[in-house]
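Below, each value reflects all heavy atoms present in this structure, side chains not excepted, and no hydrogens, waters or symmetry copies.
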Amino acid sequence: MTTELCIKEIESCQRISAGPTFIALFGNQYGHRPIPRLIPETEFELLISKLPKDSESLKLLNQWFSKDSNSVPSTYILQPITAHYPHYSDRGSESRQLRDNDVISWNLTESRLLQALRTAAQQAERDGDISVDQNINLVVLHFFEFNQILFLFIQKMIKIPFLLDVTADGLLDTEARELLADLKQHICNTSHLQPLCMELSKGAMDPSRKEHKEYLGKLCEQVTSQMKELISRNALQTSGTCSTEDPGWSLLKQEIFHHAVLSEEKCSVFKGRDSILGKICIDMWESSNVCHGPFLVHGPSGVGKTALLCKLAQEMRGVVDHRGVVVLRLLGTSPLSSDLDSVLRGVCLQVCGALGLQFPYPHISNTHEELVRFFHSMLEDVSKQGDTLLLILDSLDQLLEANKPPQLDWIPKVIPPNVQIVLSISDDCVEKCKSLVSAEQNVFGVEPLTDDQGKDIIDAYMSAAGRKLTSEQLGTVLNNFQQSRSPLHLKLLLDTAKQWASYTSMSNIRMGTSAQEVMTQFVETLEENHGKKLVSHALCFILLSRNGLSEAELQDVLSLDNDVLAEMYKYWLPPSHTLLRFPRLHWSRLRHDLRAHLMERWEGGVILLAITFLRQFAELVRKRYLSRDMKADMHNILAEYFSGQWSQGQLRPILLPSLSTLLNADRKVPPQPLRFTGEVANIRKLNELPYHLAHAGKWEELRQSVLGSLDWLCCKTLRCGVSCVIRDLSLCTDLTDCPEIQMLKETFLLLKPSLGFNPSLLVTEIFSRLQCLADLYPSMIGQLCSQCVDWFGSCTDPVLVPKSSFFQAPGGPLKSTLTGFTRGDIKELNIGFRELLVAGSEEGLIIVWSLNHLQTLHNLSGHTAGVLSLKLMDKTNHCLSTGLDGTLRKWCLISGQQIFCITDAVSVQTHTPTHVHMIEERKIIITNPRCDRTLCVFLVTLTSMQKVLDLHHDASVLCAVSSSEGSEIITIDLVALFKVWSVTTGALLDWIGVMDSAVASLAVHQRTIISASVIANQLKVWQLDYNTKHRSKTFIPAYCPLVALSKDGDTVFYVKEGDETEIFTWSCSEGETCLRSDSMDVSSEVCCMELAQQKRLLFCGLRTGTILIYPLDLAPETLCLPPPENLPTVRSMAISPREDRMAVAYEDAVCIFEITSRDSFPCVDGPLERYSLCLLHSPISTMALLYDSRLLYGTFGGEVVIYDFKSATSAELDHHGAAITCITMSNWDAQALIGSQDCVQKLWNLSPVLLNHTMEYKGFYFEGVLCAVFSINDKYIFTGSLDKTIKVWDVSSGSLLYIQFVYSPVIKMMPHKDGFVAMSRHGSFIKEGFRCPDTLKPGYNPLRNFRAHYRVTSREKNLNAPHTVINELPDYNPAQFNFISIGLIKSKPSNTCALL
């Protein structure tokens, strides 16, 4: 059996490896030549006929070889040694003498058997009956034909007689020497290898001797060089055949091949089932030209559903034409078929590739909602093209998570013509999935097998195996099969029966009457043959692994398992006391016996072993072996292996039964680096290590080396995806209560929507969200933040370094974001009694979520226009919806199917919504009758309605709902603040901010709030019960139309949305909230604001034309510039760099004022100059005043003009295609950046006026620049855009250096030290530094993670012209210029732009 196992091992290596697949070392021994275990009947009888006179040999051969008539053709089998020498395998000390006697007897018997067979074979050769080539049957030469995957090495060790081949009686084996010499000569002639010679003293290698050391060096050198040469050659050949192939296609091919092989195996012995196959085929044919539902096949586990669907796929492939494709997935049998998104991604790629459809874009294939939507649209495209698609998904329950509602939104309820979907599921889960099927005739139950079908399967199975059964054996199998009539039970019986010889007696055979009994007997047999520790631990290691183990990994893990090694070396000592490994041959034997219960699957180019997808066998292993303590111990060993704890010579102690002292030995397991190279990550470690550390309870190691490692988080996120990181964190939070792990989990939940298309911002996301919590949680979060700082310091690419927490921190009220809608605002929200969240949008789509698990349950498609309203019917699973298409529809929320539709049931005339909410238990109505800033609460009785509360807000109220128990009212206003009010007292209990955009709808469930945005197509989930320490303090109210920043960014001045007659002040250093900010009342609406940084003067331009001036150091003093006679609105203001002059743009003119002081009190004189504007001129949107009295301004029409007050001349610069939004001056007025609403921004030289660069940026969401600022040294320009990004540009070349996504448009910027400070439209205070190397790496691309492109057009510069670089500018700051952005084009004015 050993020879057969060795050959199978080599064949396995050749199958899975590109080579070299094994190494053969030849010394002075030819080696043991075992007796063949199997001899064909014709050959054996021929050999017997050649020994007519040797009665002893005939008797011996007939005694040890028995004829097996069950083999086809018949074969003679060598009997086990223990059949005649029962003590041969005894290991107990009490039977040592008997064992030694049997060993000696067998050695002599083996020699006699070999001699008899050799004598008979030689006689047959002389008689011409057979032709024998001594080298042909040598295993090595047999595989030497595959020279591209074989490595041979020959060594000669001379003058060592006892290392030569000898016979059983101790004489030199001359025949073996001749065979060895012929073999070496053949190899040398073929491979041109030169043998190495070594003379050993006392038969041992002594590295301290010079000649021995040199010999070992030459040996290692030759082995290494030859191995490298073969690896390089084979790798080159492999890469040459698929050099242009996408790695994703390679994985897809492996996946398709994997399922094809499994399907072929299932179909090879498939018999019967004609009735159900016919019914399914007929129903598919009848529904092929109409819309229909999916088909569902169900039955108990082991009834044969998988084989049935494999046969269906095989039959349909012969039916569909060249324009059709059959896609089969046996779910759960491979990593890519065990995860829903991987299944959908693979199916979409296969179908699109086969039928010539558009492949999904990367951002689609990486997002579940987008992937589901693409899958549905792909099915529609297949139907429209007239192609045929049959999608077969077996074992759907493999994708269903335990204790969670089934996630079935990806399965369409209505399937278009020419497309068929067939699903199978076990009876245990069938109720969860019956809602998918609208028609009862689409549900098919698989019945148990009949006796005739069982007989047919037995015949087919045994024929395929080249075996047959005696009548007695066949009766035994049939009798046991009839107890269950289960295909699985029958297969297990036949797996055992095919090993029976014809002479096997049934009297001692015990067969199980069920599949569970047969598997139990099988495991017991394994324990007897291989040892209980080895069997139990090997199976449990495979079962407990996350995705399976490769054979190499399993042998390494077994080498670390002291219990298994103690069983292996119970009766004898290991070959070395310094190196201890699990013997490979023991695993090969066990693997051979387990072959029917293990399956191979690919993961990242590695073949993994896993328990077959038969749940019964996995459950048997779990119940039989996995106690709680054993489970933890085995997870601990797996964690130690994947962490590399015992690699690189680390000695692991063990106490062997054969030794009385502790043995410290090297287990020779490989190291486990996080990355093998810079680009190749250790995927196996990334997937397995956190799983085993968590289950082993090694929380400190998990927190420090995995979850607390920035390198780990970045590597896993970029290689496996953010969802895999969240899965690890969710596993940990399910097993332990650790606030820091919970914070990290919430961090990844918050960053997931943006990181789905921009993974390079991971470090920025982590740092900006967690740095405010570093002091509260120093052990892990503090460690992560420290690593982020180090990462920014060592980054070799341009990068923005956060100096404050400007992203939503974890632990606060915001918990998650629900996505699924592609466009349009979300109109309606509702929550049902089954904790189902239902939302409808203006695109007509309705989505149903589970609030418990925050996962999508159904996508309800039916409305052809926007959803107007949703109403959940109490105590039922139904929902009513109305839409702008005029229809009223009723839906089942359990099945996701439409029950009925009434057309023309709703008036689609536009109407103003009324904010009315009723708390039925308290009989309270909430409404805002006249004032949109006041919410009225009424107490309703049978006879009256009494107003009890007026809830006053600072801005217009958008939505109001009550808490589930009716004790609180939650409102949201125009400045995007949640406010929680007491129903009994009217007191403000809490406030939460800020939103991404104005909220259209609110829903409450217990202490959870769900908000729907007007603009963003997402839902946000908020928690009223949260740790107030995690509340973000770095923000002002959202949507402030005007904002001004102090020089150091410490103070922010702003005007609230809807309240433009009051100016508020917010201190960043004190972290004061916007509800307690200082304010300054203004007599009229503020149109623009500017801040003189050095003189500490705040200028406010009013709609009446008045300019108010607030000396910030002399509060509450106020200065006033009266308006001109016609009271024109102040459009914009600009302060000169020296802060000695100010330009004011009115409706019809621009005036220059002088800023001075008298008696240490600020004073503004003028106007000194006046520049009248043309009546046909577009209104000024923004402007800048230069130090030399030149004025640079832009208009809403896109004009850019520079006017010189000294010479009273003007010149128009290049026209933009949209409104000018900002004009930003460099710190020395040498250059100006002009940004607009279009995709173009221009950098001008001002002395002389020359265009340096035209920078065009076109992105998927780009809508122009809002603000910009030069760095203090004028080397870089920072811009804030409507696409919610901050961009960094190089001044000298105009090149784009870096892009950062910040979730909200930046509306105001100021230079600060090595970076800038800014305010976002959502009110966040942003403070960042910029780091850039002197030279960029070749091939650096700032757009590598953005769907955009940019182009820079530069003028040729005169190399002789002087050029000055300002490296430092202490105590000096540029002026700021305000603008009223796009106010005449859009519905409301935008925010102030910071200009230098």
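- Counting heavy atoms from C-beta on, the side chains of V1291 and D1274 never come closer than 4.5 Å.
- Two residues are said to be in side-chain contact when any heavy atoms from C-beta on lie closer than 4.5 Å; K1287 and F1278 fail this criterion.
- Within the 4.5 Å cutoff, side-chain heavy atoms of M1255 are placed close to those of L1233.
- A salt bridge is defined here as a Lys NZ or Arg NE, NH1 or NH2 lying under 4.0 Å from an Asp or Glu carboxylate O, and D1188 with R1190 meets this definition.
- With 3.5 Å as the limit, one finds no donor-acceptor pair spanning the side chains of D1314 and Y1276.
- With hydrogens and angles ignored, the 3.5 Å screen pairs a side-chain donor or acceptor of S794 with a backbone N or O of W791.
- Although no hydrogens or angles enter the test, the distance criterion places a donor-acceptor pair under 3.5 Å between the side chain of T1224 and the main chain of A1268.
- Atom CG of residue L710 and atom CD1 of residue I766 lie 5.5 Å apart, to the nearest 0.5 angstrom.
- One distance of note links OH of Y1193 with CD1 of I1234; it measures 12.0 Å at 0.5 Å rounding.
- Taken from CZ in R769 to SG in C772, the straight-line distance is 10.5 Å, to the nearest 0.5 Å.
- Heavy atoms only, all atoms of each residue included: P810 and L770 are closest at CG-CD2, 3.6 Å.
- Salt bridge K1275/D1290: absent, no basic N to carboxylate O contact under 4.0 Å.
- Between M1133 atom CE and L1091 atom CG the span is 10.0 Å, to the nearest 0.5 Å.
- Remark: the backbone N or O of Q1093 is paired with a side-chain donor or acceptor of E1139 at under 3.5 angstrom.
- Defined by atom type and a distance below 3.5 Å, a donor-acceptor pair is missing between the side-chain atoms of S1046 and D1050.
- Remark: N1252 CG to S1293 OG distance equals 11.0 Å, nearest 0.5 Å.
- The ring-ring contact (aromatic ring centres under 6.0 Å, His included) test with F767 singles out one residue from F806, F807, F792, and that residue is F792.
- Listed for the S1067 side chain is no donor-acceptor partner under 3.5 Å among the backbone atoms of T1051.
- Here the closest heavy-atom approach between residue Q1241 and residue H1216 is recorded as CA-CE1, 4.4 Å.
- Between the side chain of T1279 and the backbone N or O of V1265 there is no donor-acceptor pair closer than 3.5 Å.
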Let's go through I1277 and V1269 carefully: what are the C-alpha distance in whole Å and the side-chain angles of both, what is the deciding distance for side-chain contact (heavy atoms from CB on, under 4.5 Å) to 0.1 Å, and is it a yes or a no?
CA-CA 6 Å; I1277 301 174; V1269 68; over 6 Å; no

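- For the residue pair L750 and Q808, the shortest heavy atom distance occurs at CD1-O, 3.6 Å.
- S1226 contributes a side-chain N or O that, together with a main-chain N or O of Q1231, makes up a donor-acceptor pair within less than 3.5 Å.
- Counting heavy atoms from C-beta outward, C1100 and Y1110 have side chains that approach closer than 4.5 Å.
- Note: T817 OG1 to K1020 NZ = 3.5 Å, rounded to the nearest 0.5 Å.
- A heavy-atom distance below 4.5 Å is found between the side chains of I1063 and V1082.
- Of all heavy-atom pairs spanning A1143 and V1150, the tightest one is CB-CG1, 4.3 Å.
- For the pair S1236 (side chain) and V1240 (backbone), a donor-acceptor distance under 3.5 Å is present.
- You'll find the side chain of R1321 reaches within 4.5 Å of the side chain of L1266, heavy atoms only.
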Using the rule given for side-chain contact (heavy atoms from CB on, under 4.5 Å), can you reason through L1102 versus V1130, listing the C-alpha separation, both sets of side-chain angles and the distance that settles it, and then say yes or no?
CA-CA 6 Å; L1102 308 185; V1130 178; 5.7 Å; no

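- Contact record, Y1303 with H1322: O-CE1, 3.5 Å, taken as the closest heavy-atom pair.
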Would you sort out whether I1220 and V1200 count as a side-chain contact (heavy atoms from CB on, under 4.5 Å), showing the intermediate values?
CA-CA 8 Å; I1220 304 301; V1200 180; 3.7 Å; yes

Run Y1054 and W1066 through ring-ring contact (aromatic ring centres under 6.0 Å, His included) and show every step you take.
CA-CA 8 Å; Y1054 62 92; W1066 178 78; 8.1 Å; no

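- Between the side chain of S1324 and the main chain of S1320, no donor-acceptor pair closer than 3.5 Å is present.
- With hydrogens and angles ignored, the 3.5 Å screen pairs no side-chain donor or acceptor of E1062 with any backbone N or O of M1080.
- Contact annotation: the side chain of L773 approaches that of M743 to within less than 4.5 Å [non-hydrogen atoms, C-beta and beyond].
- The two residues I1223 and M1183 have their closest heavy-atom pair at CD1-CA, 4.2 Å.
- Formation of a donor-acceptor pair under 3.5 Å by the E1328 side chain with backbone atoms of S804 is not found in this model.
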W1289 and S1295: side-chain hydrogen bond (donor to acceptor under 3.5 Å, both in side chains), yes or no, with the steps?
CA-CA 6 Å; W1289 305 81; S1295 299; over 6 Å; no

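- Taking 4.5 Å as the limit, some side-chain heavy atom of K1327 sits within range of a side-chain heavy atom of H1312.
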side-chain contact (heavy atoms from CB on, under 4.5 Å) between L744 and I781: does it pass, once the steps are laid out?
CA-CA 8 Å; L744 192 59; I781 291 180; 5.8 Å; no

